[in-house]
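We use all heavy atoms of the structure for the numbers below, so side chains are in, but hydrogens, waters and symmetry mates are not. Bear in mind that the values here come from a model prediction, so they are computed numbers and not experimental data.
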Protein chains: 2
Amino acid sequence: MRILVIEDDVNLNRQLSDALKEAGYVVDQAFDGEEGHYLGETEPYDAVILDIGLPMMDGISVVEKWRTEGKGMPVLMLTARDRWSDKVAGIDAGADDYVAKPFHVEEVLARVRALIRRAAGHSSSEIVCGPVRLDTKASKATVDGVPLKLTSHEFRLLSYLMHHMGQVVSRTELVEHMYDQDFDRDSNTIEVFVGRLRKKLGVDLIETVRGLGYRMQAPSEAAK
Amino acid sequence: MRILVIEDDVNLNRQLSDALKEAGYVVDQAFDGEEGHYLGETEPYDAVILDIGLPMMDGISVVEKWRTEGKGMPVLMLTARDRWSDKVAGIDAGADDYVAKPFHVEEVLARVRALIRRAAGHSSSEIVCGPVRLDTKASKATVDGVPLKLTSHEFRLLSYLMHHMGQVVSRTELVEHMYDQDFDRDSNTIEVFVGRLRKKLGVDLIETVRGLGYRMQAPSEAAK
DNA sequence: TCTTCGATCACCAGAATACGCATGAACCGT
DNA sequence: ACGGTTCATGCGTATTCTGGTGATCGAAGA
């Protein structure tokens, strides 16, 4: 984990940086707004500690600029005590948190932990199989980057197959997972949907294992 | 957006709840730890405001219990001033932020905005989707710079959709976040509001995903 | 190894259905 | 009474289901 500390007070900066290093982080230091902004723009930090009052460029402006540039790393602001309007402004400018001076170093460490932990929670929910990508969160699928237009059952089918890639999935298993309650077992609906899905996908990824069911597999693996 | 306020001081609870409702949120209230924990466990909130000192179960325990249960909603803790060790404990227990009492309501609102927007993965207080801009701070929306005149429900709907851009949002999810407890599930209210919102927006950004729900997306992204 | 037979599967197209939407009327709180 | 919200109805259409047909496959016997 790499952290940037932007604070013009040399003593305070060193104090924070030392504590962070002690806690196992890699730390970079900056002592004015422009230097800090430049570093945050070019280097990939897991979190930034940013004083609100800085030479060259104030803290609020630094965050705002990062945010408009699309930089999304967590920012912890240091504000003067009782300047709550500054805090509100900082938060609305895009800062994720603040601590009022004077503060306990322990508290800053706890907040940095919280920020990093929270930022890590944003994992993309995408399953990839050859040219096919499935975004479960957006309920969207693409082939070679081209979005597919799937009906809800088609999507559910594809989703189940991709969640069990490489495995043979039986017809009854599919029925049980695609439909709520008991469903007429002897009907060829699954075959029909597999057929439609195969046609829409274009590529031949759904293999039929005769007598058992279907299996979805990346072409490289299928070649073996 | 739906928020839970857990605070045993009746006056303070009401004060916070009123301010939040004023700002356009749907608010549920709890007055002790057990009640609060139960509500947070069963209802889907976008954020929780949680006092640290509570009857029946203290705030720290409430968060800890939620976190071990896998509940991940953002939690804002209210702590007594100068009890910084409590703050650290709260954050390490899984709270996302805290405000020290006494506080300015403005500040709590700003922090709630920040938490919600962060949970949705946005870094700036303005969310943009094609020609539509949502200013979470001012609770205003514009299309091509022209301010929209939206009713409170319409705004809540737009807000929730824009906070979850690109994702498919189900009708039930919308109902749960736009209304407080029990609401007639089988009614077409959501459809009606989607229809009205579409008409007011003019541009066609709200896509209906048949059988699943609705998805808001910028046209450029849909084309890729 | 080749042939034959039974079982499984893909595909088609019409029928049945579920779904989303607009509309207008009823309902509420202010 | 008014704006905002909710509910009920009916329509058009996308989606799903059904049943049939021909193709394909696998196993067993010659």
Side-chain angles (χ1 to χ4, degrees), chain A residues 139-141 147-161 168-216, chain B residues 2 18 21-22 24-27 139 141 148-161 168-216:
Chain A
S139 296
K140 272 207 316 209
L148 282 181
K149 191 158 161 34
L150 298 179
T151 69
S152 64
H153 278 207
E154 288 163 0
F155 185 83
R156 256 178 279 175
L157 171 62
L158 177 64
S159 174
Y160 194 84
L161 287 174
V168 175
V169 182
S170 72
R171 232 170 303 276
T172 56
E173 198 181 338
L174 285 171
V175 167
E176 278 166 357
H177 284 87
M178 287 176 62
Y179 298 90
D180 305 335
Q181 261 105 16
D182 34 33
F183 175 81
D184 186 17
R185 262 81 194 309
D186 38 339
S187 119
N188 66 347
T189 22
I190 295 297
E191 277 114 319
V192 172
F193 276 104
V194 169
R196 285 210 217 129
L197 189 54
R198 275 205 257 245
K199 191 183 286 179
K200 286 198 182 179
L201 286 180
V203 275
D204 190 31
L205 291 175
I206 304 174
E207 175 189 359
T208 122
V209 184
R210 204 179 173 76
L212 293 176
Y214 301 93
R215 170 170 46 201
M216 185 146 196
Chain B
R2 191 165 161 200
D18 286 352
K21 282 176 195 161
E22 183 78 17
Y25 300 102
V26 178
V27 182
S139 294
L148 281 181
K149 187 158 163 38
L150 298 178
T151 69
S152 65
H153 279 64
E154 288 163 1
F155 184 81
R156 257 177 271 172
L157 171 62
L158 177 64
S159 170
Y160 195 84
L161 286 175
V168 173
V169 182
S170 72
R171 237 169 295 276
T172 57
E173 196 181 339
L174 286 171
V175 167
E176 279 168 348
H177 288 267
M178 286 174 62
Y179 297 88
D180 47 14
Q181 249 131 344
D182 37 41
F183 175 82
D184 186 17
R185 262 83 196 305
D186 40 340
S187 109
N188 64 350
T189 326
I190 295 296
E191 274 123 311
V192 172
F193 276 107
V194 169
R196 275 197 242 157
L197 187 55
R198 275 205 256 243
K199 196 179 287 179
K200 286 199 183 180
L201 287 180
V203 275
D204 190 31
L205 291 176
I206 304 174
E207 175 190 359
T208 121
V209 184
R210 192 168 241 268
L212 294 177
Y214 299 94
R215 170 171 46 204
M216 184 146 196

Output the rounded distance in Å from CG (A/N188) to P (D/dG22). 16 Å

Between B/H153 and B/Y179, what is the ring plane arrangement, given parallel below 30°, perpendicular above 60°, and tilted in between? tilted

Most 5' of A/L212 and A/K199 on DNA chain C, judged by nearest nucleotide: A/L212

Of all residues at least two apart in sequence or in a different chain, which pass the side-chain hydrogen bond (donor to acceptor under 3.5 Å, both in side chains) check with B/T208? none

Not counting sequence neighbours, which residues clear salt bridge (Lys or Arg N to Asp or Glu O under 4.0 Å) with B/K21? List them please. none

Taking atom P of C/dC21 as reference, at what distance in whole Å does atom CZ of B/R171 sit? 7 Å

Show the nearest heavy-atom pair for residues A/S139 and B/V168, with the distance to one decimal. CB-CG2, 3.5 Å

Heavy-atom check, side chain of A/M216 versus side chain of A/L158, under 4.5 Å: yes

Specify the separation, in whole Å, of atom CD1 of A/I190 and atom P of C/dT8. 16 Å

Which comes earlier along DNA chain C counting from the 5' end, the contact point of B/Y214 or that of A/G213, where each point is its nearest nucleotide? A/G213

Would you mind checking if B/R2 and B/E176 are paired as a salt bridge, meaning a charged N to carboxylate O distance below 4.0 Å? no

Give each protein N/O atom lying under 3.5 Å from an N/O atom of nucleotides 3-6 of chain D, with the pair distance.
unit_1	atom_1	unit_2	atom_2	d
D/dT5	OP1	B/S152	OG	2.9
D/dT5	OP1	B/H153	N	3.4
D/dT5	OP1	B/H153	ND1	2.9
D/dT5	OP2	B/T151	OG1	2.4
D/dT6	OP2	B/Y179	OH	2.8

Measure CZ/B/R198 against P/C/dT23 and give the value in whole Å, please. 13 Å

Partners meeting side-chain hydrogen bond (donor to acceptor under 3.5 Å, both in side chains) with B/Y214 (sequence neighbours left out): B/R171

Can you tell me the distance, in whole Å, between the CD atom of B/E191 and the P atom of D/dT9? 15 Å

Sequence neighbours left out, what passes salt bridge (Lys or Arg N to Asp or Glu O under 4.0 Å) with B/E173? Give chain and number order. none

Polar pairs (N or O, both sides) under 3.5 Å between protein and nucleotides 23-28 of chain D?
unit_1	atom_1	unit_2	atom_2	d
D/dT24	O2	A/R210	NH2	3.4
D/dC25	O2	A/R210	NH2	3.4

